[in-house]
There are 2 protein chains.
Amino acid sequence: MSLFSIGELARRADVAIDTVRYYERRQLLPQPKRRASGYRQYDDEDVRRLRFIRRAKGLGFALEDIRSLLDLSLDHDHGVHGLRARAEAKLADIDARIAQLQKVRRGLRQLVADCPGSGALDHCPILAALGAKESS
Amino acid sequence: MSLFSIGELARRADVAIDTVRYYERRQLLPQPKRRASGYRQYDDEDVRRLRFIRRAKGLGFALEDIRSLLDLSLDHDHGVHGLRARAEAKLADIDARIAQLQKVRRGLRQLVADCPGSGALDHCPILAALGAKESS
DNA sequence: CTTGACTCTGGATCAAGCTCCACGGTTTAG
DNA sequence: CTAAACCGTGGAGCTTGATCCAGAGTCAAG
């Protein structure tokens, strides 16, 4: 059995059925095959794709971003127009996110480390970690 | 001059005035002092706090999360009840985010690396990077 | 005092991302 | 054949995070 229903897809990828249809509308998922009755049919590829979307979303990417990531990754057998450029921009964006998260992380760890007894921190290490410099 | 208006605060922290009032309503900012006229008064501490919020938001934290991070960091001179636990949970969350981002990063880098000419990737490295295992 | 720039409050409105609903056809187990 | 469980469509509704607006008071410069 390699084809299954929308409900099955939703279950396998752990998202709501309505969400699947919503993603289809938003072009994050391709138009699926239909059987005579009009029922949608999916395969494992769709499950993978949906899971990818779920993860990317969890990382704070907007659906639009995810769509472009997906396009990016599936364009490979077409031209290599601005592909690299777009991918590299994404990459820089991700690096920045990681760096910022690591700052927060350090701040939090310090908070945890300094607090055990009842703490002597005179002002918040988290605020310090992120609040120090301006910039965006 | 150590006290200033809401407009000035907004300018210094680079957010909209309405956003400042909105954050106040949502308890991310404390109730500010008021002058006789009812005008709000702020100081540098508020600027720092606001900037912190802006950054955390940029990392994908929900306002509610940010509020709790903030509470966490300002609770230090109160009890150390579940502080550590909360902070550690946050920390684990952040570590997970970083790990996931790094996966995407690797996938993207591979995409960039493999594509230069016109690529021979038979299926998306990004999907591979994130799509492999189940879990949340 | 007048004018223009600010500020106040409360509520309406927005965009994103879902989620729910009604009404009607389809499948499938018994 | 029939009931229960699914699925389809289109559109309304909800949550989050802002943003905008009206009507009215305040401030600072000239």
Side-chain angles (χ1 to χ4, degrees), chain A residues 1-43 46-47 49-71 93 136, chain B residues 1-43 46-47 49-71 93 136:
Chain A
M1 187 222 282
S2 62
L3 290 184
F4 38 86
S5 72
I6 191 174
E8 182 63 19
L9 171 63
R11 238 171 283 123
R12 293 194 191 190
D14 193 30
V15 299
I17 278 192
D18 279 338
T19 303
V20 175
R21 285 191 279 243
Y22 176 67
Y23 288 170
E24 183 183 318
R25 257 179 283 169
R26 298 294 305 279
Q27 320 238 48
L28 290 166
L29 291 177
Q31 294 284 122
K33 287 173 186 130
R34 304 286 188 128
R35 24 205 285 202
S37 61
Y39 280 27
R40 293 171 176 76
Q41 285 184 303
Y42 298 95
D43 58 24
D46 297 301
V47 178
R49 198 175 171 104
L50 249 186
R51 284 191 178 146
F52 172 78
I53 296 171
R54 216 160 45 75
R55 293 233 171 69
K57 227 192 19 159
L59 296 177
F61 288 99
L63 292 193
E64 259 313 290
D65 280 349
I66 299 176
R67 202 170 59 66
S68 84
L69 267 179
L70 245 14
D71 289 351
D93 177 63
S136 174
Chain B
M1 184 224 283
S2 60
L3 290 184
F4 40 85
S5 72
I6 191 173
E8 182 64 17
L9 171 64
R11 236 169 287 121
R12 294 194 191 192
D14 193 30
V15 298
I17 278 191
D18 280 338
T19 302
V20 174
R21 285 191 278 244
Y22 176 66
Y23 286 170
E24 181 183 320
R25 259 180 282 170
R26 298 294 305 276
Q27 320 239 46
L28 291 167
L29 292 176
Q31 294 285 122
K33 287 174 186 129
R34 303 286 189 131
R35 23 205 290 201
S37 60
Y39 280 26
R40 292 171 176 77
Q41 285 184 305
Y42 298 95
D43 59 23
D46 296 302
V47 178
R49 198 174 171 102
L50 208 35
R51 285 189 177 149
F52 172 78
I53 296 172
R54 217 161 44 75
R55 293 235 171 68
K57 227 192 19 158
L59 296 177
F61 287 100
L63 292 194
E64 260 314 291
D65 280 348
I66 299 176
R67 202 171 59 66
S68 84
L69 267 178
L70 245 14
D71 289 350
D93 178 63
S136 171

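Below, read A as the first sequence line, B as the second, and so on, with proteins coming before strands; counting in each chain starts at 1.
- Summary of the strand contacts: Tyr42(B) and Tyr22(A) both lie near DNA chain C, and taking for each the nucleotide with the nearest heavy atom, the more 5' one is attributed to Tyr42(B).
- The side chain of Lys57(B) places an N or O atom within less than 4.0 Å of a non-bridging phosphate oxygen (OP1 or OP2) of dA18(D).
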Problem - Derivation of the side-chain contact (heavy atoms from CB on, under 4.5 Å) call for Leu50(B) and Thr19(B) - result: CA-CA 10 Å; Leu50(B) 208 35; Thr19(B) 302; 5.9 Å; no

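- In the set dA18(D), dG8(D), dC18(C), dC18(C) carries the atom at the smallest distance from any side-chain atom of Leu63(A).
- Between Ser37(A) and dG25(C) there is no side-chain polar atom (N or O) within less than 4.0 angstrom of OP1 or OP2.
- The interatomic distance linking Arg54(A) (CZ) with dG17(C) (P) rounds to 17 Å, in whole Å.
- A salt bridge is absent between Arg49(B) and Asp46(B): the closest approach of a Lys/Arg side-chain nitrogen to an acidic carboxylate oxygen does not fall below 4.0 angstrom.
- The shortest distance between the side-chain N/O atoms of Arg34(A) and the OP1/OP2 oxygens of dT9(D) is below 4.0 Å.
- Each of Ala62(B) and Ala36(B) has a nearest nucleotide on DNA chain D; the 5'-most of these lies closest to Ala62(B).
- Distance from the side chain of Arg40(A) is smallest for dG8(D) among the nucleotides dA18(D), dG17(D), dG8(D).
- A donor and an acceptor atom sit less than 3.5 Å apart, one in the side chain of Tyr39(B) and one in the base of dC6(C).
- Between Arg21(A) and the phosphate of dT9(D), there is no side-chain N or O to OP1/OP2 separation shorter than 4.0 Å.
- A 4.5 Å side-chain heavy-atom check between Gln31(B) and Arg40(B) finds every atom pair outside the cut-off.
- When the side-chain nitrogen and oxygen atoms of Ser5(A) are compared with OP1 and OP2 of dC6(D), none of them lie within a distance under 4.0 Å.
- Remark: Tyr23(A) is in phosphate contact with dC18(C), judged by side-chain N or O atoms under 4.0 Å from OP1 or OP2.
- Out of dC18(C), dC27(D), dC7(D), the shortest distance to the side chain of Arg35(B) is found at dC27(D).
- Checked against dT19(D), dG8(D), dG17(C), the side chain of Asp18(B) finds its nearest nucleotide in dT19(D).
- For Glu8(B) and dC27(D), the CD to P distance is 17 Å, given to the nearest whole Å.
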- Message: Under the criterion side-chain contact (heavy atoms from CB on, under 4.5 Å), I'd like the reasoning laid out for Tyr22(A) against Leu63(A): C-alpha separation, chi angles, the key distance, then a yes or no.
- Response: CA-CA 11 Å; Tyr22(A) 176 67; Leu63(A) 292 193; 3.7 Å; yes

